[in-house]
Amino acid sequence: MSDSRQPLLKVRDLKVTFGKGRHEVSAVAGVSFDIYPGETLGLVGESGCGKSTTGKALMRIIEPSSGSIELEGSSLIGRKGKALRNFRTHMQMIFQDPISSLNPRRRVKDIVAEPLDCWKTVSGNERDVLVSDLLSKVGIDPKVYGNRYARQFSGGQCQRISIARSLAMRPKLLICDEMVSALDVSVQAQILNLLEDLKSEYGLTLLFIAHDLAVVKNVSDRVAVMYLGKICEIGPSDALYEAPAHPYTKFLLGAALEADPDSPMHNQVLEGEPPSPLNPPSGCRFRTRCPNATDKCASEEPQPQELAEGHFVSCHYPLTIQKK
Amino acid sequence: MSNVAVSEEQTSIVERPEKKAPLGPLFWICVGWIALNFLGAIFANVLPLQNPLYQDYASINVGPSLHHLFGTDDIGRDIFSRIVYGSRVSIAVGFGAMFIGFGIGTPLGMLAAYRRGRFDTIMTSFMYILLAFPAIIATIAILSFWTPRSLLKIIIVIGFASVPLVYRVIRTATLAVSTKDYIIAAKVQGATDRRILLKELLPNIAPIGVSFLLIGVATVIALEGTLAFLGLSVSPPTPSWGNMINESRTVLQVNPWLAIFPSLALCLFLLSLNFIGDRLRNHFDVTEVKL
Amino acid sequence: MSDAVHELLVVKDLSTTFTTMGGPLPAVSDVSFTLARNETIGIVGESGSGKTVLSRTIMGLQPRTNVTVTGSVLLNGNEMVGATESFKRALWGTEVAMVFQDPMTSLNPVMRVGKQIDESLRVRLGMSKQDAKTRAIELLELVGIPSPAQRYMAYPGQLSGGMRQRVVIAIALAGSPKLLMADEPTTGLDVTIQAQILNLLDDLKDRLKMSVVLVTHDLGVVATRTSRIVVMYAGRIVEIGSTRDVFSRHRMPYTRALLDSSPKVSNASHTRLVAIPGRPPNLLQLSAGCSFAPRCSFATDKCHKERPELQAADEPGHAFACWNPLPTTMEQQS
Amino acid sequence: MVRYVIRRILMLIGIVFIISVGSFYLIHLLPGNITTIIEGPGASPANQAKLYKLLGLDRPIYEQYFVWLGNVLHGNLGTSFISQESVASTIRAALPIDLEMIFISQVLAFAAAIPMAMRSARKPDGIIDRIFGAGSFTLLSVPPFIVIILLVLFISIKLGIPHTGVSTYVAFTSDWIANLESMALPAVTLAIGSFVVYFRVLRSDLIATLQEEFITMARSKGISQRRIMWRHAFRPSSVALLGAAGVNIGGLLAGGFVVQFLLAIPGLGYTLIAAINQNDYLLVQGIVFVVSVGVVLINFIFDFIINIVDPRISRE
């Protein structure tokens with residue numbers, strides 16, 4: 001890659017398989033990408049494409065079956081016990097379901113302080129100050145709400161508390177797994193804005209996983225599109241949305257609904273449904289639904305090729321002209 | 001950013017008010033009844049009760065009166081006093097056995113469900129095979145061979161026999177909670193397994209555990225009664241509710257009071273325990289686990 | 001209303017109030033609108049806006065206890081409010097049918113999908129067993145399910161979400177209803193599948209000459225597929241009008257806020273969203289004024305004290321409920 | 001489905017094997033010399049030696065087990081030293097009584113529980129539901145030995161209905177009407193216990209099922225309330241009912257001895273208690289083995305039925 005900066009997170013050929021023998025499913029079938037300091041990488045795809053599994057595998061909540069994960073040059077694979085627990089604090093995660101992310105039987109203050117209590121990095125007094133500060137930062141008044149139980153809060157508030165908790169250890173990388181998809185639009189906008197604010201304030205790097213193309217574009221500098229366990233296209237968000245090179249990306253964008261009565265009706269709708277990951281197609285995984293597929297697509301798996309600066313596509317017949 | 005913070009303060013209404021089923025006055029009456037029985041059992045010695053073993057041949061099989069509140073049995077012992085003393089056996093067996101059952105079953109069940117993997121597979125298969133054996137027959141067989149019988153032995157045998165059941169309930173409950181995102185979140189923050197088990201899992205399975213515990217105590221107390229009928233509970237003349245009901249069988253026609261009062265004492269106690277357990281389950285909205 | 005003959009659905013002053021432990025909960029209040037034959041109307045709102053309760057009340061499918069319904073729903077001339085269960089039952093399936101939000105829960109998991117379609121045909125239309133099966137397979141084909149004869153024997157658990165939603169649509173179509181209520185029909189589905197299902201509904205509407213009520217939280221879903229839109233907030237209609245008027249000539253600040261707060265594919269990345277502060281109100285503690293006032297940047301004292309009624313805008317059929325409406329395009333220019 | 005059944009059968013064989021080992025070792029777990037335990041402390045050394053040989057105790061223990069297992073597979077559970085009767089034939093004589101008792105009690109329990117639960121669930125917290133709920137709750141707290149005493153007190157003693165008292169059991173083959181009379185009290189007692197379980201399980205599951213979206217979907221088709229209750233709600237909920245029934249019937253097989261003991265009905269449970277009191281260990285061993293296998297088989301059969309009713313399970 002031409003980018004001279006050192007990546008914060010380097011993922012190479014990450015694979016996750018579930019089950020054994022006949023029931024083996026490769027949920028993530030070899031995924032490689034870099035995330036640079038200070039940027040937001042969006043990971044978008046439909047349900048079952050492996051985007052959430054990728055996120056969890058990065059934290060080793062789900063154990064990857066092979067591949068490498070490096071954060072600032074040190075590997076996450078092979079760490080055990082305290083070393084793994086300690087390493088995880090450099091990366092944090094926010095989940096889809098705001099309600100289930102918080103223990104209903106603990107107080108908000110204790111939830112946010114949990115990482116501090118685990119590692120005992122600060123004294124009791126500092127802890128309280130830090131927690132109050134974090135809560136105010138995410139728009140929850142610590143004096144009014146700090147002693148409430150988590151089960152008393154609405155989805156948007158729960159997601160704010162989750163964000164506060166994830167920031168307590170000053171992580172380098174924040175993985176957001178569908179963090180706004182359970183929220184109403186008006187609340188979703190609040191959370192997305194809050195995330196952008198905190199990102200610049202804390203100098204965060206984000207991996208933003210979501211199925212909503214508009215949301216992903218809004219927060220991301222670069223976007224990766226996943227289909228059936230593989231990345232089919234990755235590139236700068238504006239360029240990728242402007243001129244998608246992979247047919248799947250094009251269909252995905254074509255299906256996204258704009259809140260605009262003048263937007264064109266979807267004449268070209270992707271037919272059929274994704275094949276079962278139990279028995280993925282040979283060669284290119286998208287070929288069974290792709291209108292441009294040829295014999296080559298069935299026999300040969302397309303490798304990522306660079307179309308423009310930082311814009312890679314895994315397709316034998318990319319829709320935009322290849323860079324020479 | 002600051003305007004977001006302000007806007008959140010404006011709406012001070014908490015949106016998810018707790019929709020807990022109220023416990024109701026009957027719940028507290030039941031709690032009071034259990035407490036009263038406990039007090040009676042503990043202070044039976046100092047209470048102004050007649051000697052439960054004293055045989056007053058002047059008044060045999062008399063009905064309720066001021067002198068003998070619930071009457072006397074066929075050898076002139078005071079039924080009321082015997083019921084109060086008898087509660088000691090029921091309470092000791094019920095809570096004692098469940099103490100053993102939960103003491104062993106809870107940590108095993110939680111560990112198995114949280115760890116999964118080989119420990120879970122082996123432990124769970126083992127417990128399910130134990131469950132296939134009719135526990136009641138095993139209890140009877142062991143108690144009938146393990147002589148001389150004592151209260152402690154009864155508690156130990158029933159306690160151990162209940163472990164697989166407790167294990168199953170706790171494991172299922174823990175499994176349901178383990179998949180919640182806040183458990184993953186705790187791992188992500190670097191919490192130790194011990195911390196997750198004690199701080200995140202235990203408080204959330206406690207309501208299920210407590211309601212099952214109460215229903216378990218009720219079941220064990222009924223089991224003590226059954227054992228008494230087979231002559232496998234504490235030996236007479238020590239009073240227990242089971243013993244008293246058993247003894248009443250021979251004089252059922254002459255003196256039904258002898259059957260009715262201890263039966264009432266037993267049923268009311270079980271009813272209270274079951275009711276408290278059931279209400280707690282509703283109150284905590286325990287739906288994940290079917291007991 | 002005199003146009004009852006022309007309009008398929010006439011809703012007038014409809015209110016649905018639930019009796020809860022915390023007091024009466026007005027889920028839907030004073031809703032009135034009409035729907036012509038072969039027309040699609042969109043009902044848009046966030047969670048708690050009353051849109052789902054409204055759609056169920058129109059059908060008469062609200063729970064039978066702890067609920068009070070007032071007003072009137074004329075469905076093809078039949079009054080649904082206060083009607084007996086057996087009267088409504090005669091209309092369900094043949095006059096009006098419903099497509100539910102979550103295809104994972106709206107199909108009976110222990111019944112073969114074919115049987116679930118058959119049921120309406122045999123019980124409601126009195127078809128023979130064989131005829132019903134033939135018709136059910138036809139319906140499965142109509143909604144675009146490949147190898148319908150095999151899928152007839154499948155259990156819902158064996159089908160994907162998109163396929164299940166097609167089955168739900170097939171069930172709804174079994175009685176050839178004149179009105180189809182679609183309650184968030186694509187919310188749980190992936191974007192590509194969502195497009196398939198919406199196109200299917202559009203297509204079926206024209207082929208079978210149905211009217212459709214499309215209930216959704218997603219303005220994108222209704223933007224190109226409806227002729228008119230109802231915007232709901234806290235149980236009330238806050239704006240109603242033709243799709244174009246609502247999108248481009250809205251007067252109610254909430255409609256504007258809703259449009260502005262949703263991210264758009266066409267916007268550049270890192271475009272700052274215009275968030276609506278606060279949260280939707282608690283329906284148990286509604287103020288006397290406009291329910292949106294606490295979150296509205298234009299709110300005045302009057303907004304907090306007095307509730308605005310729907311008032312007509314310049315365009316025909318366009319109305320809004322606001323004391324301080326956004327300026328019309330002409331006003332903006334002047 | 002076929003794979004599921006095969007897997008379950010393999011598991012069943014494994015569990016039965018383990019039960020056989022457990023039952024076999026039961027008498028070896030007893031403290032002291034087995035021959036002394038079996039023949040009593042007064043037995044002559046010559047007799048003890050004979051028994052030692054007879055039991056094959058001179059051979060290694062795993063060999064003893066396989067000899068025993070071989071015999072069991074041929075239906076030979078040994079001969080009681082107390083009664084000198086074949087254990088298998090004693091069990092064969094007693095088992096039908098248990099089966100008859102369980103069968104009658106289950107018919108009664110289901111006949112009461114299903115319609116009452118359906119009625120209750122239609123209007124949860126309505127008057128009828130409250131009455132049924134309070135009734136079932138009270139019955140839940142009355143142990144079977146109290147029920148049977150009350151029944152004897154009122155039916156047998158006060159009303160004087162024949163063949164309903166203690167030690168009045170009549171075999172089915174000798175007089176079937178009298179047999180049914182003598183079965184009435186124990187069957188009703190067991191039925192009450194089962195009814196409480198079935199009613200409560202089915203009611204709460206039905207209430208949950210009736211709130212499912214597919215019920216609203218079924219309503220919106222315009223089919224009758226009756227059809228919704230039976231076709232759409234009862235079948236999914238019957239899974240919970242069948243699960244409870246499997247456990248409960250197994251429990252009755254193992255725990256039916258209380259009523260048998262109190263009324264002196266010579267079923268398996270009564271025979272077991274008598275055997276324990278007489279130190280008839282081979283009979284105890286035989287009954288424990290048969291009952292355990294029976295419990296496992298009942299669970300297996302109910303799992304299988306649940307599988308047919310609910311297509312969701314075997315696909316997991």
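Just so it is clear, the structure is predicted and the values come from calculations on it, not from any experiment. So that the names make sense, note that chain A is the first sequence line, chain B the second, and so on, each numbered from 1.
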_Charged N-O contact under 4.0 Å between A/E178 and A/K51_ = yes
_Contact origin within C/Q194 toward chain A - heavy atom pairs under 4.5 Å_ = side chain
*Counting only heavy atoms closer than 4.5 Å, note whether A/S47 contacts chain C via side chain, backbone, both or neither.*
both
*Is the number of heavy atoms from other residues, nucleotides or ligands under 6.0 Å of A/K199 NZ greater than 12?*
yes
*Non-hydrogen atoms of chain A under 4.5 Å away: do they reach the side chain of C/S266, the backbone, both or neither?*
both
_Side-chain heavy atoms of A/I161 within contact of A/F153, under 4.5 Å_ = yes
*Can you tell which of C/T192, C/I276, C/V191 has the highest number of heavy-atom pairs within less than 4.5 Å of chain A?*
C/T192
_Choice from A/H211, A/E271, A/K217 maximising heavy atom contacts with chain C below 4.5 Å_ = A/K217
*Where on A/E242 is there a heavy atom nearer than 4.5 Å to chain C: the side chain, the backbone, both, or neither?*
neither
_SB check C/K51 C/E184 (cutoff 4.0 Å)_ = yes
*So which part of A/V215 gets closer than 4.5 Å to some heavy atom of chain C, the side chain, the backbone, both or neither?*
both
*Interface moiety of A/I191 toward chain C, non-hydrogen atoms closer than 4.5 Å*: neither
*Relative to chain A, which segment of C/L198 carries a heavy atom at a distance below 4.5 Å: side chain, backbone, both, or neither?*
side chain
*Residue selection (most heavy-atom pairs with chain A, distance under 4.5 Å) from C/N267, C/L189, C/D218*: C/N267
*Looking only at heavy atoms, what is the nearest atom pair of A/Y241 and A/L213, with distance?*
OH-O, 2.7 Å
_Proximity breakdown for C/L259 and chain A, heavy-atom pairs closer than 4.5 Å_ = side chain
*Are the side chain of A/R287 and the backbone N or O of A/A293 linked by a donor-acceptor pair below 3.5 Å?*
no
*C/E141 atom CD, over 12 foreign heavy atoms within 6.0 Å*: no
*Top residue by heavy-atom pair count (under 4.5 Å) with chain C, among A/T40, A/V185, A/N218?*
A/N218
*Proximal component of A/D184, with respect to chain C [non-hydrogen, under 4.5 Å]*: both
_Less than 4.5 Å to any heavy atom of chain C: does that hold for the side chain of A/Q188, its backbone, both, or neither?_
side chain
*Once you round to the nearest 0.5 Å, how far does OH of C/Y254 lie from OG of A/S186?*
6.0 Å
_Do the side chains of A/D197 and C/R272 get close enough for a salt bridge, i.e. N-O under 4.0 angstrom?_
yes
*Quickly, which of C/E239, C/E46, C/R295 forms a side chain to side chain donor-acceptor pair (under 3.5 Å) with C/Y233? Name it, please.*
C/R295
*asked:* For A/D221, which atoms come within 4.5 Å of any heavy atom of chain C: side chain, backbone, both, or neither?
replied: both
*Residue C/A268 versus chain A: region with a heavy atom under 4.5 Å*: both
